[in-house]
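Notes follow once the structure below has been shown.
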Amino acid sequence: MSLSRHLPRNRSYVCQSCIQKIRRQPYTAKHNPRQPLKASYDGAWEKKAQSIRSGAQQSMLEILEERGFVKDVAGGQKALDWLLTEKRIGVYVGVDPTAPSLHVGHLLPLMALYWMYIHGFYAVTLLGGGTVQIGDPSGRTSARKRQTSDIQLMNVESMKGQLKRLWGNVRALDTKHQFSQVVDRRFALLNNWEWLQGLSAVELMKDLGSGMRLGTMLSRDSVKLRMENGDGMAISEFCYPLFQAFDWWKMFSDKGVQLQIGGSDQYGNICAGMDAVGHMRKIYGEDEGDQGDEDPRTAAFGLTTPLLTSSSGEKFGKSAGNAVWLDQEMLNSFDLYQYFLRTADDDVERYLKLFTFIPIRQIELVMLQQKKDASKRIAQHLLAKEVVELAHGAFEAKRAEVAHKETFSQGTGTYSLSVLRKILQEASSKPNPSEQTISEPPKFAGRLRNINPLTTYKKEYAALANVQSSSSTIDAKKADASFEVTIIPRSVLQVGSFSRILYAAGLVRSRSEGRRLIQHQGAYIVVPGSGSLENPFSLKWEPIPQNFAEIDPTQYLVDWEALVLRIGKSKIKICRVINDNDFEREGLSYPGYEEFKEKCAAGGTSSEVR
Ligand SMILES: N[C@@H](Cc1ccc(O)cc1)C(=O)O
């Protein structure tokens, strides 16, 4: 970006107007943001705008709002609504490749972007190959660990492939749902390393840095969080918003990208970018007719998507404490399907709007059907299938659907053990997380065996990440009733105590509810020996016997250490049983524990307290 690169050779003096001209060169508008993209010329855009103005059609912003994508709009809601109607602008979502795969949390801003693509906007997914090296401090109480360049390269490669595949699947879904074929659609996948690698620090500070105010930057949540509750912040992290802002300016001036979409943690970065773009526009001059920053036709806007929590208050995107990856090699289609299949009835309509391209009217019809018989989980199956189709493609989605429908076809049917086994293994292995970090590139045994090293890396990454988070979940006394694995002490397993076990596992709200459920044959348990953990093709479920008062639950222990319980079609809990002393020492608890201890202390017998 240095000026001298653009100066004619052998010229000792250059006049001011030439300098001005040259200065504009690095960012010359291949597409001038003032000019709408081509489709508007053939009148199609104007026709659509007219129909929106007359109220016959929803505006782009109304569509995004109706589906639940809009948390905050920076730059003015009305102005953005107007702009999106009048002009076919460019829009982008950026992601830093901090891991080899995106996780389901990334889908929210991406889905908003894909919708805009479907409606004819120029949509860019930007891979932060440059910014990832600096590290976005947003929402983090400590700095990210520095990654080796090997790891960085692999993450970039892997995510690039994934974003590409996602675009392919979006286009297939676009065709499947038969959205208007009139609009010609345009998208791009860019990597900011392209321009950040050659960016001069002097140029960045001189131009962009001079337009960003310290006071504003210090007041951002991400900075305050670190200064007040975290471990401070490095200058590099503090300057991160400048680089993200530069991306925007680059794409704003080159490609007419006037809107940035991000998760709610990106609000500060997006506002900083808007300030910077405004400042750069002043430095690099504007064509005639510009009304300055206030002119919505040429201004930059930001949109943030909400932070998702389920109706029960859980953070969206974690399963048993682990991230739900979109990469098939890190989380297979069956498991991804299963994650969405477990969506609560109260959340499913909202998720259908957010994570699928199914038109709203169709979603309403599905919900009507769902309400008639919620136990069929029609809406959940539809949601799970569409998400797998988006992430892994139509073929995988069909396979996952068939596998799930078969395994859960009967209340007492068999269930594929892959998920259960994985969780059991995690629960029983207690690695020391501090000894296992991913700062070193994995040793690629796969290379010798002719296996793609990237595949090996991804699998190892996922396994290690899972082990780290599940061990902290379990060890750190955070055994949350909503997780798939619960730890219970041996003393809960007594003859006749099944209702208490269901309660302790967090599957029901009281012992009496557990008792009722068992009586109505609505609670199931895996029969041990019906499939072994070494050869896990399937396990058999049977309803917890109605005469449970006479039954000893220990006869159901799988591998002598776990009870695998289910209520309804797919709410599964794995109860890892440990001895009472360990349970006490770890400071763990379970619903009903206090009551049990009190009764024991009062001298109750085991049969009285069961
Ligand atoms: N900072 C964003 C990613 C990003 C990177 C570059 C951008 O230009 C925009 C967004 C995040 O961490 O999620």
Side-chain angles (χ1 to χ4, degrees), residues 27 71-72 74 90-113 116 122-145 147 152 155-156 159-160 162-163 166 188-197 199 204 208 212 217 220-223 225-226 233-234 236-277 280 300-308 317 323 326:
Y27 319 114
K71 175 162 191 291
D72 288 307
V91 47
Y92 96 99
V93 169
V95 271
D96 278 346
T98 50
S101 168
L102 302 169
H103 51 78
V104 288
H106 284 111
L107 275 182
L108 219 56
L110 282 174
M111 281 299 289
L113 180 88
M116 290 191 68
Y122 171 55
V124 180
T125 38
L126 178 74
L127 190 63
T131 35
V132 72
Q133 300 181 42
I134 296 157
D136 188 351
S138 304
R140 297 182 61 90
T141 47
S142 60
R144 281 183 191 280
K145 268 191 120 175
Q147 289 175 328
Q152 255 167 25
N155 287 347
V156 168
M159 243 191 217
K160 192 164 106 194
Q162 184 173 49
L163 286 167
L166 278 168
L189 168 52
L190 303 175
N191 183 345
N192 61 16
W193 183 236
E194 254 173 58
W195 50 81
L196 291 183
Q197 63 174 327
L199 176 66
L204 179 76
L208 208 137
M212 294 172 80
M217 286 180 70
R220 300 273 180 238
D221 284 350
S222 55
V223 179
L225 179 75
R226 273 297 184 80
M233 184 182 268
S236 55
E237 292 181 285
F238 181 71
C239 290
Y240 182 96
L242 265 81
F243 292 88
Q244 184 162 337
F246 186 84
D247 290 343
W248 197 354
W249 165 245
K250 175 79 181 141
M251 291 183 288
F252 177 91
S253 52
D254 280 3
K255 299 178 190 302
V257 173
Q258 282 180 254
L259 175 64
Q260 183 177 171
I261 302 179
S264 52
D265 64 331
Q266 291 298 304
Y267 188 74
N269 288 351
I270 291 177
C271 290
M274 285 170 62
D275 292 347
V277 169
M280 294 295 271
F301 289 86
L303 188 151
T304 57
T305 52
L307 195 74
L308 272 200
L326 291 184

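Counting starts at 1 for both ligands and their atoms, following the listed order.
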Quiz item: Hey, is Glu194 close enough to Lys250 for a salt bridge, meaning N to O under 4.0 Å?
Solution: no
Self-check item: Residues in side chain to side chain donor-acceptor pair (under 3.5 Å) contact with Thr305, at least two apart in sequence or another chain
Solution: none
Quiz prompt | Non-neighbouring partners of Asn269 that pass side chain to side chain donor-acceptor pair (under 3.5 Å), sequence neighbours left out | solution = Asp136, Ser138, Gln244, Gln266
Quiz item: Can you name the side chain to side chain donor-acceptor pair (under 3.5 Å) partners of Thr304, sequence neighbours left out?
Solution: none
Quiz item: Under 3.5 Å, is there a donor-acceptor pair between the side chain of Trp193 and the main chain of Leu127?
Solution: no
List ligand 1's nitrogen or oxygen atoms that come under 3.5 Å of a protein nitrogen or oxygen, with the partner atom and distance.
| residue | atom | partner | partner atom | Å |
| --- | --- | --- | --- | --- |
| ligand 1 | 1 (N) | Asp136 | OD2 | 2.7 |
| ligand 1 | 1 (N) | Tyr240 | OH | 2.8 |
| ligand 1 | 1 (N) | Gln244 | OE1 | 3.0 |
| ligand 1 | 1 (N) | Gln266 | OE1 | 3.2 |
| ligand 1 | 8 (O) | Tyr92 | OH | 2.7 |
| ligand 1 | 8 (O) | Asp247 | OD2 | 2.6 |
| ligand 1 | 12 (O) | Asp136 | OD2 | 3.2 |
| ligand 1 | 13 (O) | Gln266 | NE2 | 3.4 |

Quiz item: Does atom CG of Asp221 have more than 12 heavy-atom neighbours, drawn from other residues, nucleotides or ligands, at distances under 6.0 Å?
Solution: no
